Structure formats: structure tokens, C-alpha cells
2 protein chains.
Amino acid sequence: MAKVCADSICKIELLRALSPEVRDCLLSRARTRDVKRGETLSWQGDRAETLKIVTRGWVKLFRVSEEGHEAVVNTLGHGQSFDEVPALLGGESAVSAEAITDATVLMLNLSDICSCTNARAELSQAVLSAAQIHMNSMTNQIEGLKIKTATQRLGEFLLQQSGEHDGLRSFVLPFGKVVLAGMLGMKPESLSRAFSRLKDVGVCSAGGRVEINDPATLRDWMLQQSIR
Amino acid sequence: MAKVCADSICKIELLRALSPEVRDCLLSRARTRDVKRGETLSWQGDRAETLKIVTRGWVKLFRVSEEGHEAVVNTLGHGQSFDEVPALLGGESAVSAEAITDATVLMLNLSDICSCTNARAELSQAVLSAAQIHMNSMTNQIEGLKIKTATQRLGEFLLQQSGEHDGLRSFVLPFGKVVLAGMLGMKPESLSRAFSRLKDVGVCSAGGRVEINDPATLRDWMLQQSIR
DNA sequence: TGTTGGATTTGAGCTAGATCAAAACTGTGA
DNA sequence: TCACAGTTTTGATCTAGCTCAAATCCAACA
């Protein structure tokens, strides 16, 4: 049985949407898995037995093409989940998942749903919300890849990070730059050059720490790119 | 009240998943909208009042960046739907929608759900299925944009089209090449050049008609690209 | 404290795809 | 049948981002 800090659970949106009964029922059957950086959690095409929630560290979702190239589809941190829909409907995972830092993942089996009243309805609702969030994020990504430059995508990512750190102008990148490059759809060398281009608009990057002197300047600069 | 050919409805997966009662109830309150090519159906950011199903012609989902560039996020043909999740949960549309051929759209209001037993549960299920399909397609797109060449993406699209035409080696493109270019994340000029590159592997394109001499050859060629 | 393997940066080309411009084609209505 | 407007193709350049190679940097660990 899962032993998860109650405090930690409160921060997981997907679980907060459930009634205490259903939540406890699910958690009582849940498993947690601790993994080291580099370990694979699940494979694309495998039957998704469980809904996974990252409770510590970071996980990347990715695909590998027949030619052996890797595309990072998303990176998930604390409280974020994946495989929600296939776990509920019974389908296969669309992506593989690997820990990019040491991490802990909570795995919920939705198929043997408890007998609580409304369990199914509550779960559907929660999973739909999660799907909506994922679809928005994917739509943003597609938009970025189709009509923005690599440097613009990096700028956007940094502003978003800054936002998640309560608007702090200085923060630490949550994972390495190789993964970040993959996430933004470029090579590590290009990411390095994108960072140096942003130096001119007051973005300093030293080690994993990034400092945005003036978010407004950065935002303006990004808009002026490719006006036409 | 909607007047929709029953025969046509049978081909719409989302509706087929519903019980006759719930389906009829929804359809009795539905509206259809006929639009000319170029007309806008809905705007990104607007509250999604209805779930939309394309019953005739083609519709593109797209976003326009602050700089005025357009990113086509998806193209939908007969029986395909959009805005499912926000229509059910009550949220805003993530994209704008425009007819790219003369088209008809069926609009279902999910908020005033009928009193049929299970209406809500059935709808959740159906919408979840639709979301799963959309997420898979978006994941494919992201993978393609990140690690495939423009020509590879075109080849993939053509094979998929051929598949939807019962594996026929000759078929007509469902919409113009400007839209197709946007959908594949490139400029019309590049699309034209991608087509001419595929001539060497037996893909003929004349007017809107495409002929794939040998799908296997095309598939092989795509794999040999960028092996490394 | 030195070593080692990975991560990151820098440098020097190269190329896919964009841009800009013009020509060729297509359908549509007068 | 002709002319017009939109679509598609072709040609000539330009450039962002990739590739290949080497130099640094860095943290873990003996």
C-alpha cells in the first residue's frame, strides 16, 4: 500500500478533484515507484495499466522514431500526471516515460474501480480536466514549432518557468539542457546559442541558474522577432 | 431542430458511441450551420458553447500568433469533431476554426444535458475517446515536427491519405496546397519542392490528384532518410 | 586531490527550408 | 472566348539551425 505524505497529496490537482472516499480508495490500492535518473518507467505501445503521477523529481515523455531519433513530447514535474486516458479507457500508452532526475511516481489502477458511489463519474471528470490541460499544452507546442524560432520558444519557456516560480526573475532550471533542447525541438548546440542570443535582452544563464533582468524587455523582444 | 441524414449520422463515431435515447435527445436540440469556404466558425478564446462535428466538407483548426503568423493545428473532414472537452466541461476553445471548403457543421449543446439516464456518463465516455484520438494525433505531429524533415512529413501524410482511401494508390487531395503546407508546418513553396523530391520515389502529383506508384518504396525511402 | 565521463560551450562549415520575385497554371464570370 | 484573381510552381538567394569536431567545464568518486 502506498505511503504518501498527505501534505504532498493536497498539491496534486487531479486527486483534489476527487471526493475523499474515492481518493482514499484509489490511494489504498496505489503503488509508488522510486526510480533513478535514466530509468524507464513505461514504454510507448504498452498497455497502460495505471495512471501515473509524478510526486518527486522530473519525468520526460518521449518517442523514438524508426531512425533512432528521440522527440521529447513533454516534461512533468511535481503533481503532473500522464497516461490518464488510456488508464481509464483501457488503451496503450502513446509515449515512453523516463526519469530525467531521481524521481518518485505514484501509480493508480483505475480499472478495478472501487464501489464508491460516483467513482466512475468523478474519475471521468478528473481525467477529462487533465486531458484538457494536456491538449492545451500540446496545441501551444505545435503552434510554437510551426511558427516560432528556436530562440522564441526558449524565451517562452523561460518566462513560463519564471511564472511558476511566483514571477521570480531568478530561478534554477529543473533539468539538464540536453533534455530542455529536446523538449524545445532543437539540438543542445542550438540551445546554447539561443541562450547566448538572449543575453542581449538581459537573460543570464550560469550553470543551471537563469536570471531574467526584465521580463517585459524579453517579452517585447520576442514580439519584435519576425514581424513582417 | 437539426435535419440530418440518418445515413450520414451512422458514420460519425462519436454519435455511434451513444445510446439511441441520448443521441436522439442531443440531435433534437442540435443546430447545423452551412458555411462557405473561408468563413470562420469559431474563435480561439471564446467560450465553447457546443461540440462541433463536421458533416460535409473540411474545416481547419488554427492559431494566429501575435506577429500575425498562422499555425494550422489540424484539419477535420467528415465525421470528425472538435471542442469536445471545453463543450462538456465548460471552458474556452483552444483554437479558431475556419471552413477550407464549403462545409456543414453540426453543433451539439452538451450543457443542457437531457434527463436520460446515463446521459452524462455516456457523454463523458464518448468525449474521452475523442480526446484520446486527438491527443494521439497531436503527439504524432509533435514527433514529426521535432525529428522529421518536411518531405518525410509529406510522405507520411500521403500514405495516411492513401490508407483512408482503402489503400488506393491514386486519390484526390481533400483541400488546397496552401492549407496542406500550413498543416505540415512549412511554406507552400517548400511543399511544392517536397512533392518534386518525392517524384523520384514514384509519387506523381497533377492538380489535386496524387498517385503513389508503390507505397512500399515510399515507406522505405522515408526510413532511409537521415539514418545516422 | 586527481581522474573520469558526462554536460555544456565554441568554432567552422553545411543544408533544409524560408524569403523574395516572377512565371505558369486554373477556374470563373463577363 | 477573354480577362482576372487566386493558386501552384520555379528560380535565385539567404539564414536558422544542424553537423562535425574540439575545447571547457563540472560533479562524482577512488
Side-chain angles (χ1 to χ4, degrees), chain A residues 36-38 58 60 65 67-72 98 100-102 144-155 172-200 203-210 221-222 225-228, chain B residues 36-38 58 60 65 67-71 100-102 144-155 172-200 203-210 221-222 225-228:
Chain A
K36 294 243 175 69
R37 179 174 123 109
W58 288 82
K60 78 173 172 195
S65 68
E67 297 107 51
H69 289 174
E70 178 185 289
V72 178
E98 179 188 310
I100 50 180
T101 66
D102 291 356
L145 290 165
K146 283 186 177 172
I147 58 180
K148 301 198 171 149
T149 68
T151 311
Q152 277 177 303
R153 296 198 295 275
L154 172 59
V172 174
L173 291 175
F175 40 79
K177 293 188 175 176
V178 172
V179 177
L180 179 54
M183 177 70 203
L184 296 175
M186 64 184 110
K187 298 289 153 182
E189 298 95 316
S190 297
L191 176 61
S192 183
R193 284 168 176 131
F195 264 115
S196 72
R197 226 163 283 156
L198 288 184
K199 281 215 182 82
D200 303 336
V203 175
C204 307
S205 143
R209 175 161 288 279
V210 173
W221 177 85
M222 292 203 296
Q225 293 312 99
S226 68
I227 284 189
R228 175 155 330 289
Chain B
K36 293 244 175 66
R37 179 173 122 109
W58 288 83
K60 79 173 171 194
S65 67
E67 297 107 50
H69 289 176
E70 176 186 291
I100 51 180
T101 66
D102 291 356
L145 291 164
K146 284 186 177 170
I147 58 179
K148 301 198 169 152
T149 67
T151 311
Q152 277 177 303
R153 296 199 294 276
L154 172 59
V172 173
L173 292 175
F175 39 79
K177 293 188 175 177
V178 172
V179 177
L180 179 56
M183 176 71 204
L184 297 175
M186 64 183 111
K187 299 288 154 183
E189 298 95 316
S190 297
L191 176 62
S192 184
R193 285 169 174 129
F195 264 115
S196 72
R197 226 163 284 156
L198 287 185
K199 281 217 182 82
D200 303 337
V203 175
C204 307
S205 142
R209 175 161 286 279
V210 173
W221 178 84
M222 291 202 296
Q225 292 313 97
S226 68
I227 284 189
R228 179 156 328 290

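Throughout, a chain's letter reflects where its sequence line sits, starting with A, and its residues are numbered from 1. On a predicted model such as this, the values are computed, not experimentally measured, just so you know.
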### Query
According to a strict under-4.0 Å criterion, is B:S192 in side-chain N/O contact with OP1 or OP2 of D:dT9?
yes
Assign each of A:T151 and B:K177 the nucleotide of DNA chain D bearing its closest heavy atom; nearer the 5' end lies the nucleotide of B:K177
Expected string for nucleotides 21-30 of chain C under the B/S/- scheme (protein heavy atoms, under 4.0 Å, primed atoms plus P, OP1, OP2 as sugar-phosphate) is ----------
Rounded to whole Å, CG of B:L184 lies from C1' of D:dT8 at a distance of 16 Å
note: B:R197, atom CZ; D:dT9, atom P; distance rounded to Å ~ 14 Å
side-chain hydrogen bond (donor to acceptor under 3.5 Å, both in side chains) filter on B:S205, not counting sequence neighbours, yields B:K177
Applying ring pair (Phe, Tyr, Trp, His ring centres under 6.0 Å) to B:F195 and not counting sequence neighbours gives none
A:R193 has its side chain closest, among C:dG17, D:dT10, D:dC18, to D:dC18
B:L145 CG to D:dG17 P, in whole Å, measures 14 Å
From CE of A:M186 across to P of D:dT15 the rounded distance in Å is 20 Å
Winner on side-chain proximity to A:S205, out of C:dG17, C:dT9, D:dG17, is C:dT9
dist B:R193:CZ -> B:R197:CZ (nearest 0.5 Å) comes out at 8.5 Å
Rounded to whole Å, the CZ-C1' distance (A:F175 to C:dT8) equals 16 Å
B:K146 atom NZ is separated from D:dC18 atom P, nearest whole Å, by 12 Å
### Task
Using atom types as modelled and distance alone, determine if a side-chain donor or acceptor of A:D102 lies under 3.5 Å from a backbone N or O of A:R37.
yes
Quick note, A:R37 side chain, CB onward, closest among C:dA7, D:dC18, C:dG17 is C:dA7
Notebook entry, point to check: Counting only side-chain N and O atoms of A:R153, is one of them less than 4.0 Å from OP1 or OP2 of D:dG17?
Noted result: no
When rounded to whole Å, the CD to P distance for the pair A:E67 and D:dT19 reads 12 Å
Rounded to whole Å, the NZ-P distance (A:K148 to D:dG17) equals 14 Å
Those residues at least two apart in sequence (or on a different chain) that pass side-chain hydrogen bond (donor to acceptor under 3.5 Å, both in side chains) with B:K187 are none
Residues passing the side-chain hydrogen bond (donor to acceptor under 3.5 Å, both in side chains) test with B:R209, sequence neighbours excluded, are B:S170
Contacts of A:S190 meeting side-chain hydrogen bond (donor to acceptor under 3.5 Å, both in side chains) (sequence neighbours excluded), chain-then-number -> none
